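These notes are about the structure you will find just below.
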Amino acid sequence: MIDIKQIRENPEKFKKAARDKRFDVDIDRLLTVDAGIQENKKQLQDITTEINKVGKSVPKLAGDQKQKVLAELSKLKQKASALDEKLKELQPEFDLLSLQVPQPTDDDVPVGKDDSESVEIRKDGKVRQFDFEPKDHVQLGAALDIIDIERGVRLAGTRNYFLKGDGALLHWGVLRFAMDFMVGKGYVPMSVPVLMKDEAMTGTGFFPGSEDQTYRMEADQLNLAGTAEVPLTAFRMGEILKADELPLKFAAMSTCFRREAGAAGKDTYGLYRIHQFDKIEQVVICENSVEVSNKFHEEILANSEAVMKALELPYRVVNVCTGDLGRGQVKKYDIEAWMPSRKNYCETHSASKFYEFQARRMDLRYKDPASKKNLFCHTLNNTVVASPRILIPILELYQNADGSVTIPKVLRPYMGGKEKITPRQD
RNA sequence: GGAGCAGUGGCCGAGCGGCUGAUGGCGACGGUCUUGAAAACCGUUUUACCCUUUGGGUAACGGGGGUUCGAAUCCCUCCUGCUCCGCCA
């Protein structure tokens, strides 16, 4: 959410942000509603002052005079309640509109309409050239009997799967490796609830807007989070933190649920786009400073790059263009891993910087010692690793001519020291 | 799910229709004293918004609604916590 004062002062800035990010929001209407609210509030306040003043004199009066004053009061109260009605009418519209105003991006974010216009920042690792006909991860998964998509779909519908045997171990192994890495970096490991109230969804910026991407438990009015960003970022929602608590650095492992509505027919093959997966997510909550935010944005990106390097996967880092940014994101780096079967670099990580956008929605503040004011925190988050998507490059890039898959060195401790996944001996 | 009790400022804890944004204690901060510290003493210590020159006003005692000229205080409702009962992976 954006400070309404900023929108009043410079509406053009936010209209431009909406255009660049391709969000549709009526900022002029917002300002009209805002002006109405301000005017009504002012009048209401004046009348309330009057009522309070007159009301105080009541106990001292008696007889006719008392009746006269009471009559006057009842007239004032009618006026007040009319103004109150008007405010109650305007407020919901104001709330809805103001939640929709997107945050302008940093100046160095490329303006563009979709991922084709995002800008590559750097590449790391060598794309493997095969001297045999490589299999894709679905073929490998079937041949090694570690992935069962057919039965996943039969039991749970499209975009569902089972991982089996070494497939399940590899999945948990890469998650465990990533979590251990983050704990080593000083991030606090967290196990989190994934059924979230609307407040947490709104606070993190997913609502309004992504309701159709979210599994909803209507009977309990709860939502299945699509990422641990929601519980982690909202963890201290509504609180005023002590300055010396900052920065808060968290890492959580959670199962993530996504409806993928509107993606019908897109990425239907294999484990790329699925309804349920597991992810280690990192979240930083820091002081209200652009410099500090920028520092942590680089830090959380570096953390994830370190994981990719440890896994020895070739990847590139992309500065995501305006059209692919969320409403609240100021800047976003994606890490894309090379996936042989897709013949492309594909997103495996997404590092977002929000400044105070999420904190303002959640009313997450800290007491600033310098100004003695309560300031909104800044928030950031990034994937550490998401599996099974990460298994796509791992399986495909680590495969051998004999059909086996070499296990990345750093994952072997998590798989009982095993070096290779070999085909089933039927 | 049923019954009972409770929810006040950073914390503890008073207040139970107007003089209470809220006594007191603890903590924190500033000062006096001291070579320094402790103790003692004095003072400060919620937040949001509005008008403004110092300053003034409005709102908030779990949320929402009601009664009343006036509510932290009375009523309704919801939420949360605790205790007991029931049920259950």
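All heavy atoms count here, side chains included; hydrogens, waters and symmetry mates do not. Bear in mind the structure is a predicted one, so any value in this text is a computation, not a measurement. We name chains A, B, ... by the order of the sequence lines, and we start the count at 1 in each one.
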Taking the six-membered ring of Tyr272(A) as reference, does the NZ or CZ atom of Arg342(A) fall below 6.0 Å from its centre and within a 45° cone about the axis?
-> yes

State the pairing partner of [N]; accept Watson-Crick or G-U wobble contacts with both distances under 3.5 Å, and report none otherwise.
N: C49(B); value: G57(B)
N: G81(B); value: C5(B)
N: A39(B); value: none
N: U44(B); value: A28(B)
N: C16(B); value: none
N: A72(B); value: none
N: C33(B); value: none

Would you call [X] and [Y] a salt bridge, taking side-chain N to carboxylate O under 4.0 Å as the test?
X: Lys21(A); Y: Asp324(A); answer: no
X: Arg259(A); Y: Asp212(A); answer: no
X: Arg365(A); Y: Asp363(A); answer: yes

Separation of atom [atom1] in [X] from atom [atom2] in [N], rounded to whole Å:
X: Met237(A); N: C79(B); atom1: CE; atom2: C1'; result: 14 Å
X: Leu222(A); N: C79(B); atom1: CG; atom2: P; result: 13 Å
X: Lys41(A); N: C51(B); atom1: NZ; atom2: P; result: 11 Å
X: Ile51(A); N: G57(B); atom1: CD1; atom2: P; result: 16 Å
X: Lys197(A); N: G63(B); atom1: NZ; atom2: P; result: 15 Å
X: Ile47(A); N: C69(B); atom1: CD1; atom2: C1'; result: 16 Å
X: Leu73(A); N: U68(B); atom1: CG; atom2: C1'; result: 12 Å
X: Lys75(A); N: C69(B); atom1: NZ; atom2: P; result: 16 Å

Distance, [atom1] atom - from [M] to [N], rounded to whole angstrom:
N: C12(B); M: C78(B); atom1: C1'; result: 28 Å
N: C51(B); M: G15(B); atom1: C1'; result: 33 Å
N: U54(B); M: G65(B); atom1: C1'; result: 41 Å
N: A3(B); M: C74(B); atom1: P; result: 22 Å
N: A28(B); M: U83(B); atom1: P; result: 32 Å
N: G62(B); M: G13(B); atom1: P; result: 15 Å
N: G7(B); M: C88(B); atom1: C1'; result: 29 Å
N: A71(B); M: G21(B); atom1: C1'; result: 14 Å

Side-chain N,O (Asn52(A)) to OP1/OP2 (G18(B)) below 4.0 Å | no

Can you see whether [X] engages [Y] through a side-chain donor-acceptor pair at a distance of less than 3.5 angstrom?
X: Asp278(A); Y: Thr255(A); value: yes
X: Thr227(A); Y: Lys279(A); value: yes
X: Tyr315(A); Y: Asp334(A); value: no

Mind running a 4.0 Å heavy-atom check of residues 77-94 of chain A against RNA chain B and sending the residues that fall below it, in number order?
-> Lys77(A), Lys88(A)

So which one's nearest nucleotide on RNA chain B is more toward 5', Lys5(A) or Gln45(A)?
-> Lys5(A)

Of Leu70(A) and Gln38(A), the one whose nearest nucleotide on RNA chain B sits closer to the 5' end is Gln38(A)

Is the distance between the ring centroids of Tyr333(A) and His297(A) less than 6.0 Å?
-> yes

Can you check whether Phe250(A) and Tyr187(A) have ring centres sitting under 6.0 Å from each other?
-> no

Checking all strands, does Asp46(A) fall into the base, sugar-phosphate, or nothing category for heavy-atom contacts under 4.0 angstrom?
-> nothing

Which residue pairs pass the salt bridge (Lys or Arg N to Asp or Glu O under 4.0 Å) test when at least one of the two sits in residues 181-207 of chain A, sequence neighbours left out?
-> Asp198(A)-Arg216(A)

Please step through side-chain hydrogen bond (donor to acceptor under 3.5 Å, both in side chains) for the pair Thr379(A) and Gln358(A), ending with a clear verdict.
-> CA-CA 7 Å; Thr379(A) 62; Gln358(A) 292 182 315; 2.6 Å; yes

Enumerate all atom pairs, one protein N or O and one N or O from nucleotides 45-47 of chain B, separated by less than 3.5 Å.
| unit_1 | atom_1 | unit_2 | atom_2 | d |
| --- | --- | --- | --- | --- |
| U47(B) | OP1 | Lys367(A) | NZ | 2.4 |

